[in-house]
2 protein chains.
Amino acid sequence: MPDVDLEALIQGIIGRNRRMIAKAMTLIESRVSEHQQMAAKIMEKILPLTGGSIRLGVTGVPGVGKSTFIENLGIYLADSGQQVAVLAVDPSSKRSGGSILGDKTRMEKLSAHANGFIRPSPAGDTLGGVAARTREMMLVCEAAGFDAVLVETVGVGQSETAVAAMVDFFLVLMIAGAGDELQGIKKGVLELADGIAINKADGDNQDRVARAKKDLENAMHLILPATAAWHTPVMTCSSVVEKGTVPVWETVLKHRETVKACGEFEQRRKNQALEWMWTLVDEGLKQMFKNNQQIDVQIPVVSNQVAKGEISPSAAARMLLSYL
Amino acid sequence: MPDVDLEALIQGIIGRNRRMIAKAMTLIESRVSEHQQMAAKIMEKILPLTGGSIRLGVTGVPGVGKSTFIENLGIYLADSGQQVAVLAVDPSSKRSGGSILGDKTRMEKLSAHANGFIRPSPAGDTLGGVAARTREMMLVCEAAGFDAVLVETVGVGQSETAVAAMVDFFLVLMIAGAGDELQGIKKGVLELADGIAINKADGDNQDRVARAKKDLENAMHLILPATAAWHTPVMTCSSVVEKGTVPVWETVLKHRETVKACGEFEQRRKNQALEWMWTLVDEGLKQMFKNNQQIDVQIPVVSNQVAKGEISPSAAARMLLSYL
């Protein structure tokens with residue numbers, strides 16, 4: 001990308017030109033310092049145009065039917081005339097250009113839809129880096145006038161926390177297990193949820209789903225809600241009979257109305273922006289630490305000594321910091 | 001403390017001389033650079049003598065009867081001939097010397113017991129600092145041959161996470177609420193628990209406690225245990241009728257046996273030491289960042305701009321980091 005006309009690129013984004021949007025996202029992803037500077041300029045220019053989309057995060061472990069749910073929801077919105085973008089946060093992805101959310105065959109219908117736009121997870125070494133790039137891509141989609149941005153995560157590492165920290169509504173998809181256990185719950189994730197949907201509520205699975213719903217509702221009584229004005233509902237949905245997708249979306253809209261009315265919407269977005277800043281500062285500090293060659297050599301040595309109890313963690317930390 | 005004879009101090013610690021132990025802890029707490037260097041020397045000397053105590057963490061919001069529970073347990077252990085130390089992590093405490101766990105009237109019996117030793121929460125600006133000092137105090141107690149170290153936290157900020165990261169067993173105390181809700185649950189704390197005890201299980205409260213126990217047991221099915229080999233039990237206890245304290249302690253011992261048999265005990269302690277090292281490194285990096293005067297001046301300015309949406313979090317983070 002040697003000759004990028006920044007002004008043309010920005011106008012292309014604003015005009016919702018998909019090729020230009022993709023080009024801007026490629027700059028955001030690039031590790032070339034010159035590209036990063038261009039991406040930073042684009043972000044500053046489009047910042048005043050951002051903030052208008054409904055930002056929905058969706059998580060769930062593999063097997064809960066996350067992609068099908070997102071595609072069904074995306075097509076429902078796109079068919080009703082709304083512009084829908086799907087992004088993903090997957091810190092484990094080592095993709096090379098072209099694959100869609102890690103898998104070319106996924107979300108075929110939505111990616112072919114005139115109102116749909118799909119972009120796979122950006123590559124990156126750290127979750128913070130992947131999340132920061134996804135967040136900037138989300139802002140590009142907002143400047144382009146997308147009505148809804150759906151951010152998917154596969155739940156590797158702390159990626160749910162990263163996605164919950166960039167969306168207005170965080171949806172946790174689950175399925176009922178074979179016994180009285182619920183599948184698809186990861187530590188800490190219930191506490192991030194603005195809504196829970198038990199998927200695959202169809203056929204002979206419905207009894208199990210009803211039991212799971214009751215268990216989850218009880219559990220949610222024991223967990224403080226992510227937003228004071230909103231009690232996290234437990235819904236059911238199904239992709240087979242195509243039911244549930246619309247009620248889930250209506251819950252997202254209802255939540256939006258509730259938190260906008262009491263001011264928590266604005267507050268959450270402000271807090272998210274500040275938290276993001278601090279996450280990037282932390283990342284920057286750690287990067288600086290790990291880029292120091294002496295420290296890089298010492299880390300495995302002192303880690304081993306600490307694990308064996310030969311030196312104290314305090315002495316090890318002091319030693320590592322002393323190289324700065 | 002101008003003339004500290006380090007060798008005498010270390011011998012005093014090993015001989016379980018309470019005055020010497022308290023003196024070492026005062027050095028650990030001090031912000032005077034010379035004292036910190038002495039404390040670091042003491043820690044390195046006693047490190048080989050540490051690791052022998054049962055490390056029990058206890059949390060619970062104010063009102064659950066935490067101090068009474070800890071004192072009852074402490075006296076039970078002390079009466080049976082064991083040496084018991086009680087430490088505390090309270091990042092909100094602004095104590096001046098002399099108060100005991102923030103309140104002179106608390107744990108009077110245990111502090112007067114020949115086998116008991118009580119030290120209030122060290123003062124500190126950051127949770128990491130308070131936790132690090134408490135952890136070093138715990139190691140001093142171990143070198144002094146205490147059989148059990150009980151670490152209390154009031155649950156301010158992330159202090160439960162900090163305490164769970166330094167103990168072998170993390171006990172969460174709760175009480176049953178008036179309705180079908182449970183009081184005394186803080187976000188994320190159930191996931192740290194190796195055991196839960198519902199306190200005040202006496203008198204006309206017993207029905208509510210039984211219901212709360214069932215609800216919590218259901219909830220714990222939805223949460224991954226802190227240790228794979230151990231399913232977090234929900235117990236009940238009472239200080240009024242003095243029942244429950246001994247069964248809770250027996251559960252701690254049973255847990256110890258289980259995790260030692262499968263190797264998770266050693267692994268947890270190793271991981272805790274490494275995590276502690278990284279926490280201290282993070283603290284050190286952040287301290288360095290905040291000690292920079294230009295950055296200190298800029299933080300409120302850019303935070304305000306980010307909150308107002310005038311500059312992006314990325315640009316703000318880049319700007320702050322550029323001053324290093």
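Below, chain A is the first sequence line, B the second, and so on; all start at residue 1.
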- Message: Is I299(A) close to chain B through its backbone or its side chain, or both, or neither, when contacts mean heavy atoms under 4.5 Å?
- Response: side chain

- What part of L285(A) lies closer than 4.5 angstrom to a heavy atom of chain B: side chain, backbone, both or neither? both

- Does M288(A) reach the side chain of M288(B), with side-chain heavy atoms less than 4.5 Å apart? yes

- Nearest heavy atoms of M277(A) and A316(B), plus distance in Å: SD-CB, 3.5 Å

- Item | Structural part of L47(A) lying under 4.5 Å from a heavy atom of chain B | side chain

- Structural part of N271(A) lying under 4.5 Å from a heavy atom of chain B: neither

- Task: With a 4.5 angstrom heavy-atom cut-off, could you sort out which part of L280(A) is near chain B: side chain, backbone, both or neither?
- Result: both

- Message: Less than 4.5 Å to any heavy atom of chain A: does that hold for the side chain of L320(B), its backbone, both, or neither?
- Response: side chain

- Task: Could I get the full list of side-chain hydrogen bond (donor to acceptor under 3.5 Å, both in side chains) partners for Q298(B), not counting sequence neighbours?
- Result: none

- Query: Roughly how far, to the nearest 0.5 Å, is CH2 of W276(B) from OG of S314(A)?
  - Reply: 3.5 Å

- Query: Where do K286(A) and D282(B) land on the side chain to side chain contact (heavy atoms under 4.5 Å, CB included) test, with the steps shown first?
  - Reply: CA-CA 8 Å; K286(A) 282 182 196 157; D282(B) 278 1; 3.2 Å; yes

- Item | Heavy-atom pair of closest approach, residues E44(A) and S312(B) | OE2-OG, 2.9 Å

- Query: Side chain, backbone, both or neither: which part of A132(A) has a non-hydrogen atom closer than 4.5 Å to chain B?
  - Reply: neither

- Does CD in E266(B) sit with more than 12 non-hydrogen atoms of other residues, nucleotides or ligands closer than 6.0 Å? no

- Note on the structure: Sorted by chain and number, sequence neighbours left out, side-chain contact (heavy atoms from CB on, under 4.5 Å) with A39(A) holds for L27(A), I28(A)

- Query: Between R318(A) and chain B, which part of the residue has a heavy atom less than 4.5 Å away: side chain, backbone, both or neither?
  - Reply: side chain

- Message: Report which part of E275(A) has an atom under 4.5 Å of a heavy atom belonging to chain B: side chain, backbone, both, or neither.
- Response: neither

- Applying a strict 4.5 Å limit to non-hydrogen atoms, the region of L324(A) in contact with chain B is side chain

- Query: Do you know the tightest heavy-atom contact between L274(B) and A307(A)?
  - Reply: CD1-CB, 4.4 Å

- To the nearest 0.5 Å, atom CD of E191(B) lies from atom CG of L190(A) at 7.5 Å

